[in-house]
There are 2 protein chains.
Amino acid sequence: MTEARAPTRIQQKNRAAILDAALEVFSSQGFRGATVDEIAAAAGLSKPNLLYYFPSKEAIHAALLEQLLDTWLDPLRALDPAGDPLEEILDYMRRKLQMARDLPRESRLFANEIVQGAPRIHAVLSSDLKALVDEKASVIAAWSDAGRIARVHPYHLIFSIWSLTQHYADFDVQVRAVLGDEDPFAAAPEFMETLYRRLLSPA
Amino acid sequence: MTEARAPTRIQQKNRAAILDAALEVFSSQGFRGATVDEIAAAAGLSKPNLLYYFPSKEAIHAALLEQLLDTWLDPLRALDPAGDPLEEILDYMRRKLQMARDLPRESRLFANEIVQGAPRIHAVLSSDLKALVDEKASVIAAWSDAGRIARVHPYHLIFSIWSLTQHYADFDVQVRAVLGDEDPFAAAPEFMETLYRRLLSPA
DNA sequence: GTTTGATTTGACCAAAAGGTCAAACTCACG
DNA sequence: CGTGAGTTTGACCTTTTGGTCAAATCAAAC
């Protein structure tokens with residue numbers, strides 16, 4: 001039994017700096033494109049010093065992804081079967097859009113991982129993520145059955161919320177290139193609210 | 001003046017093999033994550049042989065992107081100001097969805113490039129792409145003004161079509177992990193058609 | 001069938017990459 | 001203020017990477 005020692009102040013500070021730097025680098029280069037030197041430099045540490053805190057590049061990436069997965073699924077977990085159907089779904093969409101605005105690097109970290117085939121989180125996707133989506137999709141299906149929202153394919157509804165919201169974080173440069181000066185997040189919330197109101201309002 | 005020689009049969013075959021292999025590798029690893037050895041192996045050539053056809057890794061990537069950009073924008077170019085508004089937009093969405101199904105590697109190549117900040121195509125995005133979107137957005141705005149479709153933000157409408165359709169190519173592994181056996185493209189077309197009909201039908 | 005240009009390759013380089021290690025340095029606490 | 005644990009670093013190692021080059025091989029037009 002190895003005794004888990006309490007982390008020192010320096011440890012806390014440096015591990016946090018490393019994770020923040022790694023988020024920056026991994027999210028903009030992907031796993032293979034990122035280098036330990038780059039992360040170390042961004043964290044203000046030498047490479048050997050960084051490797052004193054994490055045993056390998058893999059380990060840093062794994063720590064980031066693990067810590068993030070929970071946060072990432074929180075908005076969907078909060079979808080309340082007892083709430084008002086349309087408002088619940090709109091709130092879910094709003095929370096996701098908020099996350100795209102506030103945590104774009106985190107969004108791009110996932111985007112990189114998944115576009116590249118999710119080699120490191122595939123198992124979690126088909127277990128935890130699938131289980132959560134299955135659960136919430138059946139809630140939405142029940143709302144449709146009860147005539148409380150229009151009938152839609154619940155899984156594709158959820159995919160649409162993912163794709164629309166994350167698009168603003170993941171494809172930020174493209175969106176900004178097209179919009180010019182206009183802030184993407186100025187009109188996005190209203191657009192999406194309109195979209196889902198029209199899609200889901202019971203006929 | 002260097003005379004442009006006609007490519008030999010071998011040149012045609014090998015350049016095509018290289019571009020295909022490079023598409024495979026770049027789209028699943030990003031630019032920095034891809035290696036010349038990997039591309040050469042996938043093309044069935046030795047590394048020096050590959051570098052006989054393209055001067056550098058950069059050059060292969062550039063050739064791929066350039067060749068692809070046109071194809072990628074074709075569906076939007078085809079949006080006809082003289083056509084029926086709702087059907088034109090639905091057709092545009094269908095063409096994009098078709099491309100996500102038929103050309104997922106191409107979609108992921110762009111996704112990687114853009115998620116990683118589009119360092120190599122930023123200029124094209126804010127010139128050619130912006131110009132095209134500006135043009136088509138004003139067509140859509142005119143349709144709204146004429147009351148032929150419901151009022152929506154035309155730019156965000158276009159973004160929504162991009163994100164929804166490309167999601168099925170770019171996040172394929174995630175979609176499949178959640179859906180299990182179900183084919184994503186079975187229900188997607190109907191879902192999206194419903195979505196845009198409800199969003200755009202004139203009030 | 002020979003010759004000339006096109007193609008292919010093995011051997012090689014320099015730089016960059018992930019990672020190790022022993023020695024040096026710092027810090028907190030008794 | 002000394003000491004042991006916690007921290008940092010320069011030097012180093014191996015592998016991988018993008019790229020070069022001269023020599024060898026091949027194809028096809030004459």
Nucleotide of C:dA17, C:dT8, D:dG18 approaching B:Asp37 most closely (side-chain heavy atoms):
D:dG18
Report the residue (B:Lys47 or A:Lys13) whose heavy-atom-nearest nucleotide on DNA chain D is the more 5′ of the two.
A:Lys13
Once you measure the plane-to-plane angle for A:Phe26 and A:His61, does it fall in the parallel (<30°), tilted (30-60°) or perpendicular (>60°) bin?
perpendicular
Does A:Tyr196 use its side chain to pair, donor to acceptor, with the backbone of A:Ile161 at less than 3.5 Å?
yes
Within 45° cone of A:Tyr168 ring axis and under 6.0 Å: A:Arg101 NZ or CZ:
no
From CG of A:Leu45 over to P of D:dG10, roughly how many Å is that when rounded to an integer?
13 Å
Go through C:dG19, D:dG19, D:dA11 for me and flag the one nearest to the B:Leu51 side chain.
D:dG19
Expected string for nucleotides 22-30 of chain C under the B/S/- scheme (protein heavy atoms, under 4.0 Å, primed atoms plus P, OP1, OP2 as sugar-phosphate) is ------S--
Do we see a donor-acceptor contact under 3.5 Å between the side chains of A:Gln29 and A:Asn112?
no
Minimum-distance nucleotide to A:Tyr53 side chain [options: C:dG18, C:dT20, D:dT7]:
D:dT7
What's the closest nucleotide to the side chain of A:Asn14 if the choices are D:dT8, C:dT9, D:dT17?
D:dT8
Taken to the nearest whole Å, CD/B:Gln11 to C1'/C:dT7 is 9 Å
Interatomic distance where OH belongs to B:Tyr52 and P belongs to D:dA27 [whole Å]
13 Å
With B:Ser107 as reference, evaluate B:Asp170, B:Asp102, B:Leu68 under the side chain to side chain contact (heavy atoms under 4.5 Å, CB included) test and give the passing residue.
B:Asp170
5'-most contact on DNA chain C (nearest-nucleotide basis), A:Ala34 vs B:Pro48, goes to B:Pro48
To the nearest Å, how far apart are A:Arg32 CZ and C:dG18 P?
11 Å
Aromatic ring proximity A:His153/B:Phe191, centre distance under 6.0 Å
no
For B:Asn49 and D:dA24, what is the distance between atoms CG and C1' respectively, to the nearest whole Å?
13 Å
What integer distance in Å separates A:Ile39:CD1 from C:dA17:P?
11 Å
B:Leu50 CG - C:dA6 P separation (whole Å):
19 Å
Nearest to the B:Thr8 side chain among C:dA11, C:dT7, D:dT7, which nucleotide is it?
C:dT7
Report the relative orientation of the aromatic rings in B:Phe159 and B:Trp162; use parallel for angles under 30°, tilted for 30 to 60°, perpendicular for over 60°.
tilted
From the options C:dT20, C:dG18, D:dG19, select the nucleotide whose nearest atom is closest to the side chain of A:Thr35.
C:dG18
Side chain of A:Ser46, heavy atoms from C-beta onward: which of D:dT9, C:dT9, C:dG19 has the nearest atom to it?
D:dT9
